[in-house]
K.L.:
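Sharing a structure here in structure tokens format.
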Amino acid sequence: MDPEAEAARLRAAAAAGKPGAYRAYAELLTGRGRLDEALPWWARAADAGDAEASRTLAICHKDRGEFAEAERWYRTAADRDGGCAFGLARLLHESGDTAGAERWYEHGAALGSVECKTNGAVLLAARGAWDTALERLAEASAEGDEVAAHSRRAIQNMLRDLDGWRAALARAEAEGDPEEAYEALRELLDPERRAMFERYPRMVAEAEALYARAAAVGGAKALVDQALFIARDDSRWAEARVLVEHAHERGYDGAAYVLGVWAEENGELRTAEEWYRTADAADGGHMWACFNLGVLCVRQRRLEEAERWLRATGADAVEAGAEGEGRGPFDEGVDAGFDAGFGEGFGEGEERIVAALRDIAAIRADPERMPPAEWEERLPGLRDRAEGGGPDAWFAYADALDRLYRLPEAAEWYRKAGTPRALLALGRMLYEGGGAKGLRMVPYYEPAAAEGDAGAAYDIGRIHDEAGDRRTAQIWFRRAADLGHGRAAWWLGWTSEERGGDPQHAERWYVRAARSGLVPPAFLAGRSMVRRGACAEAEPLLRVACAGEHEEAPYWLAEALRGLGRLEEAERWLRVAAEAYPGLLREYGEMARLALRDPS
């Protein structure tokens, strides 16, 4: 049957309220990427009692970041449908409501959902209800769930290992041997076990307790590892730091390095430098303390010091000339050095050291990356005004110090100013150029975001996205986009199209992003419009993309013009595409091949 005739038939049946027609027509529209038109028909099907339609609606709204609406649709059928109970439980778990998730997984399992039984069991295991979790996983495995079988084996192996660590530690305790007590737990630090601690938080508490016992035998190293597990909980950060300080007082040289890393991640630049120097001053020095000091000095444009510290790591002297543009290690974050300090080979570290030396050479060769002389000249006057002024003068002085890469001093004056603008500048300085890390920086951005600063809201979204929290990132990107931030709108569009398969929703966000002057979303919006036949709407957006030299835009502008019947113009743009981007153009269809033919 002709597809359009079939669509008309299904629409008529749905309009007449025939059984099953709501869903059939909704499925057809969804399959064609016309989700806006499909949603009302999915809603009619859900209102008529179709639980699958309720789940589909919830998924669509969740993908669009409309979490309250997603929860509402899940709840319309979760009490009678295992699939909706499962979706609701996952939604609640992602929002931090673990207790609610457990309840709905249990309810879904009672309705016969093996997925609910498996996920509910994993949540039980996550908080240490091992026996009940294993029992339920065994049931789900018997019902054919491979995920349950895999999870059950993983938990059994984990518990076996835990018994082994306890037994080995008990032997060391009986002998009163601190070094043996520490060695008994070494496998807990294996990077391959990180996923275990992420999935089963109870194991974090178990590891913390084991290291506390090892420390009680007298091992200072064990105090540091106990602190590493405690520090996973931000609310216990101060407690963790005190333990590492105790380890330092008890003579463990590596504790100073850990304290340096933590201070740097927290934006405490002077403190970080002091601890790194302390770590390096210990017997034998500390390679990664030297490396991080080098990086810290590069960030502050103390280039001679930086070079000395990097070479003090012990890396072979390698020419750091301008051959190629070696990427520095700074994008990898301070924790790259931190991880390496606990067992990575020197080879990979040496590559980072050489890259940092090359970056120093590149900075020296580029005046734009050096402190600007004009700001050095302004500094005394700004200092005088700051000493006798208020928040605005303090901010101006901090900003000048920031431009001159005098980051520790800038941080002090930004903090003194304390305004939303100053805190935002401080957060950006520390997070983007100072080595600070992750969610601890969010409070610096929040006051400006609360006042309607779109860039601050976007930055918060970016921090959460980089931390792997897509839900919170989506919420903040939505706020930023609503405030007019183009890149936030672009992110939302990409998420809708690539992750959610929702081109109509994506197109709306691309259009909003294009209004801010961004070329890629202008292209994406225009291409989407051509694909759905809205060629007149697409043309101005694709012309913007062509002006911005987007590689694919000439071809799609030609397609839009062809759709508008302007064939001569279309051919001219195809020739542009053929001349400028021949390799790319060959990826397209027959129309592109015609354009590539020799006109003679």
K.L.:
Compare every heavy atom of His248 with every heavy atom of Ala255, then report the nearest pair and how far apart it is.
P.N.:
CB-N, 3.6 Å
K.L.:
Do Tyr445 and Asp453 have side-chain atoms, one donor and one acceptor, less than 3.5 Å apart?
P.N.:
no
K.L.:
Which heavy atom of Ala456 sits nearest a heavy atom of Ala448, and at what distance?
P.N.:
CB-CB, 3.9 Å
K.L.:
Which of these, Arg358, Arg364, Arg302, sits in a salt bridge (Lys or Arg N to Asp or Glu O under 4.0 Å) with Glu307?
P.N.:
Arg364
K.L.:
Relative to each other, are the rings of His286 and Tyr257 parallel, tilted or perpendicular (30° and 60° limits)?
P.N.:
parallel
K.L.:
Roughly how far, to the nearest 0.5 Å, is OG of Ser496 from CZ of Arg64?
P.N.:
7.0 Å
K.L.:
Considering residues at least two apart in sequence or located in another chain, which fulfil the ring pair (Phe, Tyr, Trp, His ring centres under 6.0 Å) criterion with His93?
P.N.:
none
K.L.:
Rounded to the nearest 0.5 Å, what separates atom OG1 in Thr271 from atom CD in Glu264?
P.N.:
11.5 Å
K.L.:
Flag this pair as yes if the NZ/CZ of Arg512 is under 6.0 angstrom from the six-membered ring centre of Trp490 and inside a 45 degree cone about the axis; otherwise no.
P.N.:
no
K.L.:
Applying side chain to side chain donor-acceptor pair (under 3.5 Å) to Glu466 and Tyr431, what does each step give before you reach the verdict?
P.N.:
CA-CA 12 Å; Glu466 290 170 1; Tyr431 186 72; 2.3 Å; yes
K.L.:
Answer whether the closest heavy-atom distance between the side chains of Arg406 and Gln300 falls below 4.5 Å.
P.N.:
no
K.L.:
Determine whether Arg421 and Thr419 make a side-chain contact, defined as any pair of heavy atoms from C-beta on separated by less than 4.5 Å.
P.N.:
yes
K.L.:
Salt bridge or not for Asp459 and Arg462, using N-O below 4.0 Å?
P.N.:
yes
K.L.:
Take Glu183 and Arg186 through the test salt bridge (Lys or Arg N to Asp or Glu O under 4.0 Å) and record every step on the way to the result.
P.N.:
CA-CA 5 Å; Glu183 288 298 321; Arg186 180 171 290 278; 2.9 Å; yes
K.L.:
Pick out which of Leu310, Val354, Val298, Leu303 makes a side chain to side chain contact (heavy atoms under 4.5 Å, CB included) with Asp359.
P.N.:
Val298
K.L.:
Side-chain contact, heavy-atom cut-off 4.5 Å: Leu223 with Tyr252?
P.N.:
no
K.L.:
Is the Lys NZ or Arg CZ of Arg487 less than 6.0 Å from the centre of Tyr458's six-membered ring, within 45° of the axis?
P.N.:
no
K.L.:
If I take atom CG from residue Leu296 and atom CD from residue Glu305, how far apart are they, to the nearest 0.5 angstrom?
P.N.:
9.5 Å
K.L.:
Judged by modelled atom types alone, do Asp97 and Ser95 share a side-chain donor-acceptor pair under 3.5 Å?
P.N.:
no
K.L.:
Is the gap between the ring centers of Trp262 and Trp275 under 6.0 Å?
P.N.:
no
K.L.:
Is there a side-chain contact (heavy atoms from CB on, under 4.5 Å) between Trp309 and Asp280? Walk through the geometry before answering.
P.N.:
CA-CA 10 Å; Trp309 282 116; Asp280 182 62; 3.4 Å; yes
K.L.:
Classify the angle between the aromatic ring planes of Phe523 and His550 as parallel (below 30°), tilted (30 to 60°) or perpendicular (above 60°).
P.N.:
parallel
K.L.:
Please step through side-chain contact (heavy atoms from CB on, under 4.5 Å) for the pair Asp161 and Arg193, ending with a clear verdict.
P.N.:
CA-CA 11 Å; Asp161 291 342; Arg193 296 190 183 276; 3.3 Å; yes
K.L.:
Residues two or more places apart in sequence or in another chain: which of them pass ring pair (Phe, Tyr, Trp, His ring centres under 6.0 Å) with Tyr405?
P.N.:
none
K.L.:
Determine whether the aromatic ring centres of Phe197 and Phe229 lie less than 6.0 Å apart.
P.N.:
yes
K.L.:
To check you understand the geometry: which heavy-atom pair defines the closest contact between Ala306 and Gly294, and what is its length?
P.N.:
CB-O, 3.4 Å
K.L.:
Check the pair Glu198, Arg232 against salt bridge (Lys or Arg N to Asp or Glu O under 4.0 Å), reporting the backbone distance first and the verdict last.
P.N.:
CA-CA 10 Å; Glu198 292 294 330; Arg232 288 169 172 262; 3.5 Å; yes
K.L.:
Hey, does Glu274 have a side-chain heavy atom less than 4.5 Å from the side chain of Leu269?
P.N.:
no
K.L.:
Testing the basics here: between Gly486 and Ser516, what is the closest heavy-atom pair and its distance to 0.1 Å?
P.N.:
CA-OG, 3.3 Å
K.L.:
Do Val442 and Glu446 have side chains that approach each other closer than 4.5 Å (heavy atoms only, starting at C-beta)?
P.N.:
yes
K.L.:
Could you pull out the closest heavy-atom pair between Met429 and Ala410, with the gap in Å?
P.N.:
SD-CB, 3.7 Å
K.L.:
Is it true that Glu239 and Arg236 have a side-chain N and a carboxylate O under 4.0 angstrom from each other?
P.N.:
yes
K.L.:
Are any side-chain N or O atoms of Asp190 and backbone N or O atoms of Glu192, one a donor and one an acceptor, separated by less than 3.5 Å?
P.N.:
yes
K.L.:
Does Leu162 reach the side chain of Met203, with side-chain heavy atoms less than 4.5 Å apart?
P.N.:
yes
K.L.:
Could you tell me whether Arg308 and Glu304 have a side-chain N and a carboxylate O separated by less than 4.0 Å?
P.N.:
no
K.L.:
Going from CZ on Phe67 to CZ on Arg471, what distance comes out if it is rounded to the nearest 0.5 angstrom?
P.N.:
5.0 Å
K.L.:
What verdict does the salt bridge (Lys or Arg N to Asp or Glu O under 4.0 Å) test give for Asp482 and Arg478, after you've listed the backbone C-alpha separation in whole Å, the side-chain angles of each residue and the deciding distance to 0.1 Å?
P.N.:
CA-CA 6 Å; Asp482 287 341; Arg478 177 65 181 261; 3.4 Å; yes
K.L.:
Would you tell me whether Tyr414 and Glu409 have side-chain atoms, one donor and one acceptor, within less than 3.5 Å of each other?
P.N.:
no
K.L.:
Show every side chain to side chain donor-acceptor pair (under 3.5 Å) that has at least one partner inside residues 384-395, sequence neighbours left out.
P.N.:
Arg383-Glu387
K.L.:
Hydrogens and angles aside, do Tyr510 and Glu497 bring a side-chain donor and acceptor to less than 3.5 Å of each other?
P.N.:
yes
K.L.:
Once you round to the nearest 0.5 Å, how far does CD of Glu273 lie from CG of Asn292?
P.N.:
12.0 Å
K.L.:
Mind running side-chain contact (heavy atoms from CB on, under 4.5 Å) on Leu524 and Trp494 for me, showing each step along the way?
P.N.:
CA-CA 9 Å; Leu524 293 168; Trp494 178 86; over 6 Å; no
K.L.:
Please say whether more than 12 non-hydrogen atoms of neighbouring residues, nucleotides or ligands are located less than 6.0 Å from CD in Glu374.
P.N.:
yes
K.L.:
What pair of heavy atoms forms the shortest contact from Leu423 to Gly418, and how long is it?
P.N.:
CD1-O, 3.8 Å
K.L.:
Go through Asp465 and Arg470 one step at a time and tell me if the salt bridge (Lys or Arg N to Asp or Glu O under 4.0 Å) criterion holds.
P.N.:
CA-CA 5 Å; Asp465 192 37; Arg470 177 189 168 192; over 6 Å; no
K.L.:
Would you check if the side chain of Arg301 reaches a backbone N or O of Arg369 as a donor-acceptor pair within less than 3.5 Å?
P.N.:
yes
K.L.:
Between Val204 and Glu208, is any pair of side-chain heavy atoms under 4.5 Å apart?
P.N.:
no
K.L.:
Do Asp63 and Asp502 have side chains that get closer than 4.5 Å, going by heavy atoms?
P.N.:
no
K.L.:
To the closest 0.5 Å, what do you measure between OH (Tyr444) and CD1 (Ile463)?
P.N.:
11.5 Å
K.L.:
Set out, in order, the CA-CA distance, both residues' side-chain angles and the distance that settles side-chain contact (heavy atoms from CB on, under 4.5 Å) for Leu185 and Asp225, then state yes or no.
P.N.:
CA-CA 10 Å; Leu185 306 178; Asp225 292 318; over 6 Å; no
K.L.:
With a 4.0 Å cut-off, would you call Glu179 and Lys221 a salt bridge?
P.N.:
yes
